[in-house]
**Student:** 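Before anything else, here's the structure in question.
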Amino acid sequence: MYAPSSVDAPRIHTPDFITESALTIPIYGMLGEDGRPYEGADPSGVAKEIVLAMHDAAVFTRLLDERMVAAQRQGRLSFYLTATGEEAATVGSAAGLEPDDMILPQYREQGALRYRGFTAAQFMDQLFATEDDLGKGRQMPVHYGSRALSYMTVSSPLATQIPQAAGYAYGQKLAGEGRCSICYFGEGAASEGDFHAALNMAAVIRCPVIFFCRNNGYAISTPVSEQYAGDGVAARGVGYGVRSIRVDGNDFLAVYLATQEARRQAVSEGVPVLIEAMTYRLGAHSTSDDPSGYRSRKEEEAWQRFDPIARIRAFMEAQGWWDAERDEALRQGYRDEILAAMKTAEAKPAPSLARLIEDVYAAPPWNLTEQYEALREQVRANPDAYPKTAGRIE
Amino acid sequence: MYAPSSVDAPRIHTPDFITESALTIPIYGMLGEDGRPYEGADPSGVAKEIVLAMHDAAVFTRLLDERMVAAQRQGRLSFYLTATGEEAATVGSAAGLEPDDMILPQYREQGALRYRGFTAAQFMDQLFATEDDLGKGRQMPVHYGSRALSYMTVSSPLATQIPQAAGYAYGQKLAGEGRCSICYFGEGAASEGDFHAALNMAAVIRCPVIFFCRNNGYAISTPVSEQYAGDGVAARGVGYGVRSIRVDGNDFLAVYLATQEARRQAVSEGVPVLIEAMTYRLGAHSTSDDPSGYRSRKEEEAWQRFDPIARIRAFMEAQGWWDAERDEALRQGYRDEILAAMKTAEAKPAPSLARLIEDVYAAPPWNLTEQYEALREQVRANPDAYPKTAGRIE
Amino acid sequence: MARMNLLQALNSALDTAMAADERVICFGEDVGQFGGVFRATSHLRDRYGNERCFNTPLVEQGIIGFANGLAAAGFRAVAEIQFADYIFPAFDQIVNETAKFRYRSGNEFNVGGLTIRSPYGGGISGGHYHSQSPEAYFCHTPGLKVVVPSTPENAKGLLLASIRDPDPVLFFEPKRLYRAAVGDVPEEDYTAELGRAEVLREGGDVTVLAWGAQVEVVTRAAEMAAEKGIDCEVIDLRTLLPWDVETVTRSVLKTGRLVINHEAPRTAGFGAELSATVQERCFLYLESPICRVTGLDTPFPLAHEREYMPDHLKTLAAIEQTVNF
Amino acid sequence: MARMNLLQALNSALDTAMAADERVICFGEDVGQFGGVFRATSHLRDRYGNERCFNTPLVEQGIIGFANGLAAAGFRAVAEIQFADYIFPAFDQIVNETAKFRYRSGNEFNVGGLTIRSPYGGGISGGHYHSQSPEAYFCHTPGLKVVVPSTPENAKGLLLASIRDPDPVLFFEPKRLYRAAVGDVPEEDYTAELGRAEVLREGGDVTVLAWGAQVEVVTRAAEMAAEKGIDCEVIDLRTLLPWDVETVTRSVLKTGRLVINHEAPRTAGFGAELSATVQERCFLYLESPICRVTGLDTPFPLAHEREYMPDHLKTLAAIEQTVNF
Ligand SMILES: Cc1ncc(C[n+]2csc(CCOP(=O)(O)OP(=O)(O)O)c2C)c(N)n1
Ligand SMILES: Cc1ncc(C[n+]2csc(CCOP(=O)(O)OP(=O)(O)O)c2C)c(N)n1
Ligand SMILES: [Mg+2]
Ligand SMILES: [Mg+2]
């Protein structure tokens, strides 16, 4: 029975308002700035292979980001978006999952995708919209997706994936195969109505989903001080009855362990969990952006010091798992691989014209068939105007 | 500078999730179930005239509700919706404001409107969509509105008024006249994305608005246990950095004093405040609803005991401000007035045909003018088919 | 066969779908224990359990977001939006997500299992927000299918077909007919093909086209026209996206005249598309302008609902005008 | 007069409006210090303070909800939606609230002071979600005005008129022209009348109609047609709701032929309404079917953007086909 007036909530007789100071949210961290474990932090739960694999994926995407920003500046690519500085958040969390847990990304989670095994060639096919792109060349660069890797295709409208993750996870629960979903989003996207819908629904309907917020300080030019007035995103979880944790998002070990624990609770109890990873977007929002218009070099430099890759490398070296030589070999190998893959992709043709009307529906209805026929004639009649497709019309 | 990793938030080194038990929200109450002030509750801050005026408005709307439900059953009215049991929440809060503060209602706040002075005739003109309805007969019954009384016209889509209240209040702040807005909504509506948008925006942009949630246990058939999993709506305020209070919504004094204090803070500091009033929808959702399909008589009866009017009456009688005779006189007077107003309204004509195309725009464009001309001919040619308007076409 | 009203037919369709396939999941505001405010989901929770038929919190954008995710996971999500007037908070999830899911992923993922049911339309004294006919908004959105039944019998068949269709479907239910339309409905499992219009009445003078609750209205007008010696061909469109251009143009090529009726406001309503396409294809055969009988370009009114509606009288007048052009 | 590109003209309009009336308030995602991702609101925060030009949190439904409230309070709220593709989360606030505010209250309240600015359209390699042209959705919504400029000069005049108009206006900015279109723009305060189309080129053979960025495309097609001896009358619609039926029908009564061009998908695009209405009014004068040159009925693609777009070549082909019907 619903009877709040009679529940044993404490009574007060003066109108005292509660404020955010009613709630203190600590930060969960394993590694200090220098990469050394905090006192009381026990890193032994993270296997060596996991650490190496996380570092590997992080280095790959860091190099990919560098290469593609350069490619965009050279005019070889229309658009790109780096995750520089956020690798611990995305790779560390992916590592904390099982490989067939579903990932619903925002767009800055190439680290998670790489951890799952997306190849340099696959990245390039998407970025250059080649005929081998799994997305058939239909979306802007960085809108990756792969069913084989349980990585839902990126969609630009912000926050739409958050309630979708609740629904997907509910399906996983019904299917009873012990899987869960993770949903990434920025602290900016967490202002959208879909965020609210998702957390509340997931809590009420009991969906095994990990809501993973990358709080990187900015939504394009908008700093968190103009995004919210409360204590970040983790503080909201409590209101929804969703267990929440704030974690140092530049600390691979903490992100990994928090995600692993979140997964355990989500799957075993069938409930949602919220993780807020505090990090920083070291680069521009995207290649269309120039941060000098809204933040200081000084601030950026201050954050360089928390570089997650440097911290995990220091940790690895202290453990005797890594050294400069191995590091250079890894990097050079990836640099070469990435460059070669880019050249290959650049040389590939675009998807054929027929792709344009496929997949709107399972089968094209009359209007699309007719429009395609007319277009084919149009391209045939004006091959110079449509160089991407004119050469190979079916 | 944004640097969460370096702020002095406490650090933890095990992944411990926080839950809703991290936050305890007490209930602010002045009067016990029997209408006697709690120990430690000081009712002297509420003037006798205010108490009498609140009681008066509550009794009026209680009787209006009774009369109109009967009228709907008799087939005299298409639809009605009572606020029975929630009078303390709506009237008490309206009493805590200044008369020219803006009210943005959901739809169950006839108590607040009556407190502002809406007359029996005005209620009836809206309910019967007469030619004198301020809303020109365009909306369903209970969609009241009055610029003179600073009561924004009711709109059925839930929660849309919540971000609007933030914007309205921001305008009041810019105008600098020391006014604020109050926005009413149900705990069901608080699940909508617009709620989230509103609270976050109001907090960030600093809007002097009181968000007033009537938590009456149900959204049509849906109990709060299927609406949210956290600790009600007040617990969310903290996450937005909005000061919040939970109040016994069936206690006129507590609601009044909480609203008065909320108003003081909103206006003097230019910030939003959230009030969650715990109450119960004693009647059906509307005349289209039958609660026996989803809740027990027993539960309803248990809540009868908290009837806010009975409690305030006991308080008034204990103060020597009220007695059975005065009560009966008040009630009989209102019964007569309401019945007479209803009969008058029933006899009034509908708004004239021209109203149909007015106010879509400030001035009707060509398409509406043409459509109106054609319609006028149509009505002229078939007067029997359009009895409401055929008699008096301009 | 059983006598059913349109609501019962829909309930029977849902029941049939859930019995046949355990991946069919129904949810929305008040659809659980209560069975929906119109009772379309009555008894389903009792029969199939709370896991497969449940209440959601009150948030349309969440309902459809959740439904998109559930459908992407391979389920047949049947989401109810309590009134079509309240579908707009979910517009982004429908237009930017549902409609583009398969295309944008290159068919790596799809939400073909999604069906969105929602009561639409006027004639119930519902004013602005319990009367709207928003179909045209969705018809401008490639990737969606839009279906509107008109009788208990086709309601069941079309809903079953929609739930099983490989594409996401918006299924708008004419609530004015929920209890008013009664007819024989097969109790067994059957589907009605999507994308097919139905010729309800053959005639040679003028084609009259409608969908949903307006089918009854134009049928009545056609009967009145018959008394005046005008021989109408009446078509029930049933699926709006993709619509049955063949049946419609075949009819207009024969009659040379077309009257389209819909409740939504005229400007940019779906009647405009039908008119534009038909004149493109039947230009030389048209003997009079294609005529639209529609709601006015106003919000849906209350006191003047009758005046607003494209009723049989206005339709009859349009038929006569078209024939006598 | 000054040389300005379209963005600068818009910035000049906002500056002019804010200088003239302190009740003009500009806000949206990134519009404050940064001046908007396209820089349309550059310098406004510095000039008029953070109270009158500010960033909002990232929530379109909140931005328009807030804007509705601010406009209801008597302000001239100028809300930016960063891309028209992201206007859909605000669809409910626009369609159910903005559009119906005055009507439903019997004019007790109105949000006439609201202007929603948003860059729309393709041609910038933006794929699905940075390319859409959603104007038709709003044109089906009585209570809204919909305006689309095509040059720096009319952009400034139309935006100033929109901000001051007593009705809420959706102002869609052709982002492909933001920097590409450069022209002479008066530095002073002036307005261009809403609801008026502009005849850009007179001709007797066929009327060619477009708005926004497509005006340039059809003008180019008309020039190519001229070389082939076809004399096009080119009309820039400028306001889509309410549209200038008089100018358009006058032209078609003269030419007997009409080609409509828009970027949005064909089905139920605004071209359908124009076609339907023109054939109703010009039936006996039409010498060939009204022809639509539009985007395809697909989500907006990336790799095949060129193929998708209703370019000058497709327009030219349609002109020839229409004239040679
Ligand atoms: C619904 C919607 N509104 C606006 C945008 C434009 N936009 C793209 S990214 C972005 C900022 C997102 O910030 P955040 O969520 O913090 O993620 P981050 O970029 O920091 O990783 C904006 C406003 C969008 N993509 N979708
Ligand atoms: C956007 C929207 N969705 C659904 C509805 C239908 N509806 C009307 S009232 C209601 C329940 C509201 O519950 P609550 O907010 O708790 O207010 P209460 O009726 O309890 O006062 C619903 C679902 C609506 N009016 N608007
Ligand atoms: Mg961010
Ligand atoms: Mg309620």
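For the numbers below, each heavy atom of this structure counts, side chains included, while hydrogens, waters and symmetry mates do not. Numbered from 1 within each chain, the chains take letters A, B, ... in sequence-line order. Because the structure is a prediction, the values reported are computed rather than measured.
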**Student:** Taking A:Gln260, A:Gln227, A:Met30 one by one, which has the highest count of heavy-atom pairs under 4.5 Å against chain B?
**Tutor:**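 Highest number of heavy-atom pairs under 4.5 Å: A:Gln227.
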
**Student:** For chain B, which of A:Asp42, A:Ile12, A:Ile205 has the most heavy-atom pairs under 4.5 Å?
**Tutor:** A:Ile12

**Student:** Quick one: what part of B:Glu192 sits under 4.5 Å from any heavy atom of chain A, side chain, backbone, both or neither?
**Tutor:** backbone

**Student:** In Å and rounded to the nearest 0.5 Å, what is the CZ to OH distance from B:Arg11 to A:Tyr28?
**Tutor:** 12.5 Å

**Student:** Which bit of A:Ile25 is near chain B, if near means a heavy-atom gap under 4.5 Å: side chain, backbone, both or neither?
**Tutor:**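 For A:Ile25, heavy atoms of backbone and side chain both lie under 4.5 Å from chain B.
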
**Student:** Side chain, backbone, both or neither: which part of B:Ala254 has a heavy atom under 4.5 Å from chain A?
**Tutor:** neither

**Student:** Which pair of non-hydrogen atoms, one from A:Glu226 and one from B:Val204, has the smallest distance, and what is that distance?
**Tutor:**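 Looks like O-CG1, 3.4 Å.
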
**Student:** Sort A:Asp194 into side chain, backbone, both or neither according to what part of it lies under 4.5 angstrom from a heavy atom of chain B.
**Tutor:**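 Contact with chain B is absent: no heavy atom of A:Asp194 under 4.5 Å.
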
**Student:** Quick one: pull up OG in A:Ser244 and CD1 in B:Ile18 and give me the separation to the nearest 0.5 Å.
**Tutor:**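 It is 5.5 Å, given to the nearest 0.5 Å.
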
**Student:** Under 4.5 Å from any heavy atom of chain A, what part of B:Thr14 do you find: side chain, backbone, both or neither?
**Tutor:**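 Backbone only.
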
**Student:** Please classify the contact of B:Ser225 with chain A as side chain, backbone, both or neither, using a heavy-atom distance under 4.5 Å.
**Tutor:**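 For B:Ser225, the contact with chain A is made by the backbone alone.
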
**Student:** Might you confirm whether atom CZ of B:Arg295 has over 12 heavy atoms from other residues, nucleotides or ligands at distances under 6.0 Å?
**Tutor:** yes

**Student:** Is the shortest side-chain heavy-atom distance between A:Ile245 and B:Pro15 below 4.5 Å?
**Tutor:**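 Of all side-chain heavy-atom pairs linking B:Pro15 with A:Ile245, at least one is under 4.5 Å.
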
**Student:** Checking B:Asp231 against chain A: side chain, backbone, both or neither under 4.5 Å from a heavy atom?
**Tutor:**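 It is the backbone, since no side chain atom gets that close.
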
**Student:** Who wins among B:Pro37, B:Ala197, B:Ser21, B:Ser191 for the most heavy-atom pairs under 4.5 Å with chain A?
**Tutor:**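 Among B:Pro37, B:Ala197, B:Ser21, B:Ser191, the one with the most close pairs to chain A is B:Ser191.
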
**Student:** Heavy-atom pairs under 4.5 Å with chain A: which of B:Gly29, B:Ser296, B:Gly232 has the most?
**Tutor:**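 Looking at each of B:Gly29, B:Ser296, B:Gly232 in turn, B:Gly29 comes out on top.
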
**Student:** Any non-hydrogen side-chain atom of B:His196 less than 4.5 Å from a side-chain atom of A:Leu199?
**Tutor:**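 Result no, sub-4.5 Å side-chain heavy-atom pair not found.
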
**Student:** Relative to chain A, which segment of B:Asp251 carries a heavy atom at a distance below 4.5 Å: side chain, backbone, both, or neither?
**Tutor:**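 No part of B:Asp251 comes within 4.5 Å of chain A.
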
**Student:** Measure distances from B:Ala190 to the heavy atoms of chain A and classify the residue's part below 4.5 Å as side chain, backbone, both or neither.
**Tutor:** backbone

**Student:** Quick check: closest heavy atoms across A:His13 and B:Glu39, and the distance to 0.1 Å?
**Tutor:**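 Scanning both residues, the minimum pair turns out to be CD2-O, 3.5 Å.
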
**Student:** If you define the side chain from C-beta out and look only at heavy atoms, does anything of A:Asn200 sit under 4.5 Å from B:Arg236?
**Tutor:**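 Side chain of A:Asn200 against side chain of B:Arg236, heavy atoms only: contact under 4.5 Å found.
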
**Student:** Examine whether an atom of B:Val242 lies under 4.5 Å from a heavy atom of chain A, and if so say whether it belongs to the side chain, the backbone or both; otherwise answer neither.
**Tutor:** backbone

**Student:** Are the side chains of A:Phe17 and B:Val273 in touch, meaning some heavy atoms are under 4.5 Å apart?
**Tutor:**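 Yes, close enough: below the 4.5 Å cut-off.
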
